[in-house]
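This report concerns only the one structure given below.
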Number of protein chains: 2
Amino acid sequence: MAEKVSIGEASRSCGVKVPTIRYYEQIGLLLAPPRTEANRRTFDPGDLRRLAFIRHARELGFEIDAIRTLLTLQDDPHQPCSTADAIARARLAEVQQRIDSLTALKAELGVMIESCSHGKVADCRVIEVLADHNQCTQPHH
Amino acid sequence: MAEKVSIGEASRSCGVKVPTIRYYEQIGLLLAPPRTEANRRTFDPGDLRRLAFIRHARELGFEIDAIRTLLTLQDDPHQPCSTADAIARARLAEVQQRIDSLTALKAELGVMIESCSHGKVADCRVIEVLADHNQCTQPHH
DNA sequence: GCTACATCCTCTAGTGACTAGAGGAGCAAG
DNA sequence: CTTGCTCCTCTAGTCACTAGAGGATGTAGC
């Protein structure tokens, strides 16, 4: 027979903070678990798996709404997985875009810092470049 | 004598939305500009430069508080620029970390998508990997 | 001068995904 | 019995805006 755990144990075992678990319940991402007589939440292994799924998906940067969709897919294993695939692909594209844009930023910041003379603000390239977009090496934005 | 422009023109010339300009004024990032008789804001070239500075810094991912510091530095050109330099370096470190973490995510998502059999959810690697962290190739999180 | 329509004003409330804190109850160990 | 930990609910705060209501003013064409 499956063991039931408290919210604190669920939190420790899944690596999700206690208030966050309550928040997930509030927004309907996690079904409200049964309570003890003293009104405390009790989580069963299924709940923990769901919570771990959510945590992992959040770490991979999926939005709550996407996770909601992925969870309903998981609940119905006979559906084709093209939706899950599409969500993952969209996320991959986002990540790639973010990497590209951050890489451009990095170059910009690098140049800025390199050419700083470490003197007075009046001659500071960091301030100067920020003040004048045209001094940017790349049209990253 | 310097021309004064409306908030709409300031918005167009600096690429910052009208409500955003008002927001910057509200939080004290932009000094409240003088008004016309009809209570409309009038921006002078100095205001526009400040606004462009803010926009550029935001594009480079600096937080409002960091920008606030950078702006006060800009206003006092005789200070040493080590503070500006430190802010830029901190930002660069953040960007690098973000790139690293996104690169790991990208690899993870790539594997997930690659191994998706495009069949039913029951056999979907995307769902499966999300459900079980141990299937991750990298300890990115 | 009149009529549209764009632009401006202020104000409040909403976004996403939590996080912090108040105020109080229950439980286990010493 | 007291100390301290965990749990409960509720509200409000975070960041950097964004959306929308409701109303005043400015401008262009007729």
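Chain letters run A, B, ... following the sequence lines, proteins first and then strands; every chain starts at 1.
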Please tabulate, one pair per line, each protein N/O and nucleotide N/O from nucleotides 9-13 of chain D that are separated by under 3.5 Å, including the distance.
from  : atom 1 : to      : atom 2 : distance (Å)
D/dT9 : OP1    : A/Arg35 : NH1    : 3.2
D/dT9 : OP1    : A/Arg35 : NH2    : 3.0
D/dT9 : OP2    : A/Arg41 : NH1    : 3.1
D/dT9 : OP2    : A/Arg41 : NH2    : 2.9

With a 6.0 Å cut-off (strictly less than), is the heavy-atom count around CZ of A/Arg68, excluding the residue itself, greater than 12? yes
More than 12 heavy atoms of other groups within 6.0 Å of A/Arg22 CZ: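 Check passes, neighbour count above 12.
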Could you list the donor-acceptor pairs under 3.5 angstrom formed between side-chain atoms of residues 69-79 of chain B and any protein atom two or more places apart in sequence or on another chain?
from    : atom 1 : to      : atom 2 : distance (Å)
B/Thr69 : OG1    : B/Asp65 : O      : 3.2
B/Thr72 : OG1    : B/Thr69 : O      : 2.8
B/Asp75 : OD1    : B/Arg50 : NH1    : 3.4
B/Asp75 : OD2    : B/Arg50 : NH1    : 3.2

With axes from five pairs an end, tell me the bend angle of the helix from C/dG1-D/dC30 to C/dG30-D/dC1, nearest 10°. 10°
Give one of base, sugar-phosphate or nothing for A/Tyr24, where a contact means two heavy atoms less than 4.0 Å apart.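 Sugar-phosphate contact only.
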Would you mind classifying the nucleic acid contact of A/Ile27 as base, sugar-phosphate or nothing, using non-hydrogen atoms under 4.0 angstrom?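 It contacts nothing in the nucleic acid.
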If you define the side chain from C-beta out and look only at heavy atoms, does anything of [X] sit under 4.5 Å from [Y]?
X        : Y        : value
B/Leu51  : B/Phe43  : no
A/Arg41  : A/Glu25  : yes
B/Leu105 : B/Leu102 : yes
B/Arg35  : B/Thr42  : no
A/Lys4   : A/Pro34  : yes
A/Leu109 : A/Lys106 : no

With respect to the side chain of A/Ser6, which nucleotide from C/dA17, C/dC8, D/dC7 is positioned closest?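 Nearest to the side-chain atoms of A/Ser6, counting from C-beta on, is D/dC7.
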Which atom names give the shortest non-hydrogen contact between A/Leu130 and B/Ala57, and what distance separates them?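 Between these two residues, the closest heavy atoms are CD2-CA, 3.7 Å.
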Can you name the closest pair of heavy atoms from A/Val121 and B/Pro80 and give their distance? CG2-O, 3.7 Å
Please state how far atom [atom1] in [X] lies from atom [atom2] in [N], giving the value in whole angstrom units.
X       : N      : atom1 : atom2 : value
A/Glu59 : C/dA17 : CD    : C1'   : 15 Å
B/Arg12 : C/dT7  : CZ    : P     : 6 Å
B/Glu9  : C/dA6  : CD    : P     : 17 Å
B/Ile7  : C/dC9  : CD1   : C1'   : 10 Å
B/Phe62 : D/dA16 : CZ    : C1'   : 17 Å
A/Leu30 : C/dC18 : CG    : P     : 12 Å
B/Ile21 : D/dT18 : CD1   : P     : 12 Å

Atom pairs under 3.5 Å, N or O on each side, protein against nucleotides 19-24 of chain C: can you list them with distances?
from   : atom 1 : to      : atom 2 : distance (Å)
C/dT19 : OP2    : A/Thr20 : OG1    : 3.1

Could you run through nucleotides 25-30 of chain C and give me one letter per nucleotide, 5' to 3': B if any protein heavy atom sits under 4.0 Å from the base, S if only the sugar-phosphate is that close, - if neither? BBS---
As a quick check of understanding, evaluate side chain to side chain contact (heavy atoms under 4.5 Å, CB included) for B/Phe62 and B/Glu94, giving each step before the final call. CA-CA 10 Å; B/Phe62 290 94; B/Glu94 266 173 45; over 6 Å; no
Taking only distance into account, with no hydrogens and no angle test, what donor-acceptor pairs under 3.5 Å do side-chain atoms of residues 5-21 of chain B form with protein atoms, sequence neighbours excluded?
from    : atom 1 : to      : atom 2 : distance (Å)
B/Ser6  : OG     : B/Gly8  : N      : 3.4
B/Ser6  : OG     : B/Glu9  : N      : 3.3
B/Ser6  : OG     : B/Glu9  : OE1    : 3.4
B/Ser11 : OG     : B/Val16 : O      : 2.7

Salt-bridged, B/Arg55 to B/Glu59, with N to O below 4.0 Å? yes
